[in-house]
Amino acid sequence: MKTATGISAFTSDRARERFDTAYRAALARLLPGGAAPIPVTTSFGEAVAYRSGAATGTPVVLLPGAGGNAVTWYHYAERLGRRRPVIALDPLGEPGAARQTRALATGRDVAICLDETLDGLGLDGAHLVGMSYGGWAALRYELEFPGRAASLSLLDPGGFGAIGLRFWVWLFGGGLAGVSPRPVRRRLAGVVRNATLRDEEMMPLLPLTMSFRRRLPAPPPISDAELGAVTVPSLVLLGERSALYRSAEVAERLRRVMPAARVQIVPGASHDLPVHSPDLVADRIEAFLTTCETGRD
């Protein structure tokens, strides 16, 4: 596995201040009730959580993808919080309110940091929902600390194969389109298959994150033996046109080696799955969580 060196951070205090100002405004505008930040001390630095939703029930913890933060989940926090508490995280190593002080060098470090974050929040047996890198982090957490999560909901997660050229083309194509004038950007969203380019709430933050230097380990491919060891209820949603992998092949593999998983392919979506189909994804997560809690489909 490739290890990471150094600490994720903005390139200057000025870049951090500009991001912080815009980010606080986005949090107040987009998260339910303008959820107040809850700092959580870990051995790698201070993570930040935002709690909303119901007062009782098994909490849902939302883990963003690479370069993401709690605001990434604004489509989902209110919907998933109608029946249970929702906690959106600014994890260490990503551009948000968290402050990293020690390198997260390996996948085990990422899992330990998440465990310390959940422990600091007093959570035991939470539902973990992660997109992309956050999905891999949730799966890594289950492998390192089996049975501590109530369930896993993974949205086009990393770790199901080596990252290839197709993903880098998708990523850099989206990045270039993201700095284009608004009309051009919106037209290009379909060309590069990235619905985030049409998300007018998130796009103002994108240029401000360009000054963030992310230093986290790349997800290595997860073996069949590791996937077979996952016994916690799991939902895996894959974009039909995922830039990470051939989703039909991954789905067949997961159904074969990961018996605890429900695997579904979302038509038309690429790696932009959570933004491409937010209502469909929220419906499927909600139905899955209800099944986990009641035992009834």
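Positions are given from 1, in the same order as the sequence printed here. Hydrogens, waters and symmetry mates play no part in the numbers below; they use all other heavy atoms, side chains included.
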| query | Are Arg79 and Asp283 ion-paired here, with the side-chain N under 4.0 Å from a carboxylate O? | reply | yes

| query | If you measure from CD1 on Ile285 to CG on Leu237, what distance do you get to the nearest 0.5 Å? | reply | 6.5 Å

| Sequence neighbours excluded - side chain to side chain donor-acceptor pair (under 3.5 Å) pairs with any residue from residues 263-277 | Ser132-His271, Asp156-His271, Gln264-Arg284

| said: When you group the ILVMFWY residues by side-chain heavy-atom contacts below 4.5 Å and let the links chain together, are Leu289 and Val263 in the same group? | reply: no

| said: Is the positively charged end of Arg18 above the ring of Tyr23, judged by distance under 6.0 angstrom from the centroid and angle within 45° of the axis? | reply: no

| query | Under the salt bridge (charged side-chain N to carboxylate O under 4.0 Å, His left out) criterion, do Arg148 and Asp115 qualify, and how do the steps go? | reply | CA-CA 9 Å; Arg148 292 197 190 179; Asp115 187 56; 2.8 Å; yes

| If you measure from CD1 on Ile265 to CZ on Arg241, what distance do you get to the nearest 0.5 Å? | 12.5 Å

| field | Ala111 to Phe145 - nearest heavy-atom pair and separation | value | O-CE1, 3.6 Å

| note | Cys292 and Pro233 have their tightest heavy-atom pair at SG-CB, 3.8 Å

| said: Under a 3.5 Å cutoff, is there a donor and acceptor pairing between the side chains of Arg83 and Thr290? | reply: yes

| said: Please report the interatomic distance CG(Leu238) to OH(Tyr245), rounded to the nearest 0.5 Å. | reply: 5.0 Å

| query | When you check the gap from the basic side-chain N to the acidic O, do Glu78 and Arg82 get nearer than 4.0 Å? | reply | no

| field | Check: Gln100 side chain, Ala9 main-chain N or O, donor-acceptor pair, under 3.5 Å | value | no

| Heavy-atom closest contact (Phe10 atom, Leu208 atom, distance) | CE2-O, 3.4 Å

| Can you tell me how far OG of Ser234 sits from CD of Glu142, rounded to the nearest 0.5 angstrom? | 7.0 Å

| What distance do Leu227 atom CG and Phe160 atom CZ have between them, rounded to the nearest 0.5 Å? | 6.0 Å

| query | So, Glu240 and Arg246, do they make that salt bridge, N to O below 4.0 Å? | reply | no

| said: Could you check whether Glu116 and Ser43, counting side-chain N and O atoms only, form a donor-acceptor pair closer than 3.5 Å? | reply: yes

| request: Could you tell me whether Glu46 and Arg99 make a salt bridge, using a distance below 4.0 angstrom between a side-chain N and a carboxylate O? | output: no

| Asp20 side chain reached by Arg16 side chain, heavy atoms, under 4.5 Å | yes

| Any donor-acceptor pair under 3.5 Å from Tyr141 side chain to Arg108 backbone | no

| query | Got more than 12 heavy atoms from elsewhere within 6.0 Å of CG, Asp224? | reply | yes

| query | Between Glu201 and Arg29, is there a side-chain N and carboxylate O pair less than 4.0 Å apart? | reply | yes

| Is there a donor-acceptor pair under 3.5 Å between the side chain of Arg185 and the backbone N or O of Leu197? | yes

Side-chain donor-acceptor contacts of residues 51-71 below 3.5 Å, not counting sequence neighbours, with atom names and distances?
from  : atom 1 : to    : atom 2 : distance (Å)
Asn69 : OD1    : Val71 : N      : 3.2
Asn69 : ND2    : Pro95 : O      : 2.8

| field | Minimal non-hydrogen separation, Ile87 against Ala49, with atom names | value | CG2-CB, 3.7 Å

| Once you round to the nearest 0.5 Å, how far does CD1 of Ile112 lie from CG of Leu104? | 9.5 Å

| If we only count heavy atoms from C-beta on, is the Trp73 to Leu31 side-chain gap below 4.5 Å? | no

| request: Could you tell me whether Arg253 and Glu249 make a salt bridge, using a distance below 4.0 angstrom between a side-chain N and a carboxylate O? | output: no

| Backbone N/O of Leu235 and side chain of Ser153: donor-acceptor pair under 3.5 Å | no

| query | Sequence neighbours excluded, which residues qualify as side chain to side chain donor-acceptor pair (under 3.5 Å) partners of Asp109? | reply | none

| said: Tell me the closest heavy-atom pair linking Phe288 and Leu152, and the distance in Å. | reply: CE2-O, 3.6 Å

| field | Smallest separation among heavy atoms of Ile7 and Ala103, with atom names | value | CG1-N, 3.9 Å

